[in-house]
Amino acid sequence: MTTISERINYYRDALPFGVRLVAVSKFKPLEDIIEAYSAGQRVFGESRPLEFEQKAKAAPSDIEWHFIGHLQTNKIKNVVPYTAVIESVDSEHLLSEINAYAGKIGKKQSCYIEIHIAEEETKSGFSFEEALDVARRSAEFENVSFDGIMVMATNTSDEDKVRREFRNAASMAKEVASALGRERIELSMGMSQDWQIAVQEGSTAVRIGSSIFGERV
């Protein structure tokens, strides 16, 4: 059985230049994060605010934390002080609250706009049109840096469908970048089951959890 360190090294070798690995450590103990850290991993993803806050306070200070889960506005205070990026900004209300709190603590918070591309009602996010509108009004959110979009494909064994969704997301990222007046932005897409397709379709960051740390207990 392979170790966490060996699996980190596998992804480091497998991912092409320009694609970052976000090691999703949610529900896993700090010891697992330290093992991945010792193997050279520095970017980690968490999704539960209180668990994340505890880990961020205890873990090495040079870890780049990405918050990737649904964030309620009353938990912003547990996330913004510690995270490098909030990938899961799924509503304008949440965006406004992040902007306000970041202003209070004197921080420019990096955020990705989560766009809903999956054919699943349980997944959240902006529509593409809403994401474009927010991007065009980005100056209204002076304490937020719009640095990318994040998507999740439909949970299906139909690889052609997943590929189409990811290809559409790559096109969306280009249009959102243009609306922001940027040449390019980050495109966070691809997880343990579909990261290879995501990379082929233009992902710049993959979020890998169970394939590194094992299934959740």
In Å, rounded to the nearest 0.5 Å, how long is the span from [atom1] of [X] to [atom2] of [Y]?
X: Q41; Y: I208; atom1: CD; atom2: CD1; answer: 10.5 Å
X: R163; Y: Q196; atom1: CZ; atom2: CD; answer: 10.0 Å
X: F67; Y: I98; atom1: CZ; atom2: CD1; answer: 9.5 Å
X: F141; Y: C111; atom1: CZ; atom2: SG; answer: 10.0 Å
X: F17; Y: R20; atom1: CZ; atom2: CZ; answer: 12.0 Å
X: I113; Y: S88; atom1: CD1; atom2: OG; answer: 12.5 Å

Please confirm whether the backbone N or O of [Y] pairs with a side-chain atom of [X], one donor and one acceptor, at under 3.5 Å?
X: R7; Y: T2; value: yes
X: S25; Y: K28; value: no
X: S203; Y: A198; value: no
X: S178; Y: K174; value: no
X: H93; Y: L95; value: no
X: K108; Y: E142; value: yes

>> Using the side chain to side chain contact (heavy atoms under 4.5 Å, CB included) criterion, which residues pair with E140? Sequence neighbours excluded.
In response: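 Scan of E140 (side chain to side chain contact (heavy atoms under 4.5 Å, CB included), adjacent residues dropped) gives R137.
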Do the side chains of [X] and [Y] join up, straight or via other hydrophobic residues, at under 4.5 Å, putting them in one cluster?
X: V199; Y: M172; result: yes
X: I33; Y: I8; result: yes
X: M150; Y: L180; result: no
X: V89; Y: I115; result: yes

Only pairs at least two apart or in different chains count here, so list each salt bridge (charged side-chain N to carboxylate O under 4.0 Å, His left out) that has a residue in [range].
range: residues 189-200; answer: none
range: residues 143-159; answer: D147-R182
range: residues 34-48; answer: R42-D62, E46-K55, R48-E51

Distance-minimising heavy-atom pair for [X] and [Y]:
X: V151; Y: R207; result: O-NH2, 3.1 Å
X: A169; Y: I149; result: O-CD1, 3.7 Å
X: G202; Y: L187; result: O-CD2, 3.7 Å
X: N99; Y: V144; result: OD1-N, 3.7 Å
X: E87; Y: S188; result: OE1-OG, 2.7 Å
X: E175; Y: L132; result: O-CD2, 3.6 Å

>> If you count heavy atoms of other groups shown closer than 6.0 angstrom to CD of E64, is the number above 12?
In response: yes
>> Show every ring-ring contact (aromatic ring centres under 6.0 Å, His included) that has at least one partner inside residues 165-213, sequence neighbours left out.
In response: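 Every ring-ring contact (aromatic ring centres under 6.0 Å, His included) pair that includes a residue of residues 165-213, provided the two are not neighbours, is Y11-W195.
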Show every donor-acceptor pair shorter than 3.5 Å between a side-chain atom in residues 71-81 and any protein atom, with sequence neighbours excluded, or say none if there are none.
from	atom 1	to	atom 2	distance (Å)
K77	NZ	N74	O	2.7
N78	ND2	E53	OE1	2.9

Could you work out, with side chain to side chain donor-acceptor pair (under 3.5 Å) as the rule, every residue matching [X], not counting sequence neighbours?
X: S91; answer: none
X: S127; answer: E130
X: R12; answer: N9

>> Checking side-chain polar atoms at under 3.5 Å, does T154 have a donor or acceptor matched by the opposite partner on E165?
In response: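 Distance-only check passes for T154 and E165.
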Do the side chains of [Y] and [X] get nearer than 4.5 Å, heavy atoms only?
X: F146; Y: I185; result: no
X: M191; Y: V206; result: no
X: H66; Y: Y112; result: yes

> Given the side-chain rings of Y82 and W65, with only the six-membered ring counted for Trp, is the space between their centroids under 6.0 Å?
Replying inline: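 They do not qualify: ring centres at least 6.0 Å apart.
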>> Please give the remaining members of the hydrophobic cluster of V43, linking ILVMFWY side chains under 4.5 Å, ordered by chain and number.
In response: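 V22, which link up through side-chain heavy atoms under 4.5 Å apart, make up the rest of the cluster.
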> Apart from I68 itself, what residues make up its hydrophobic cluster when side-chain heavy atoms of I, L, V, M, F, W and Y under 4.5 Å apart count as a link, directly or indirectly?
Replying inline: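 Other cluster members: V24.
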>> Can you list everything that forms a salt bridge (Lys or Arg N to Asp or Glu O under 4.0 Å) with D90? Sequence neighbours excluded, please.
In response: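 Salt bridge (Lys or Arg N to Asp or Glu O under 4.0 Å) list for D90, sorted by chain: empty.
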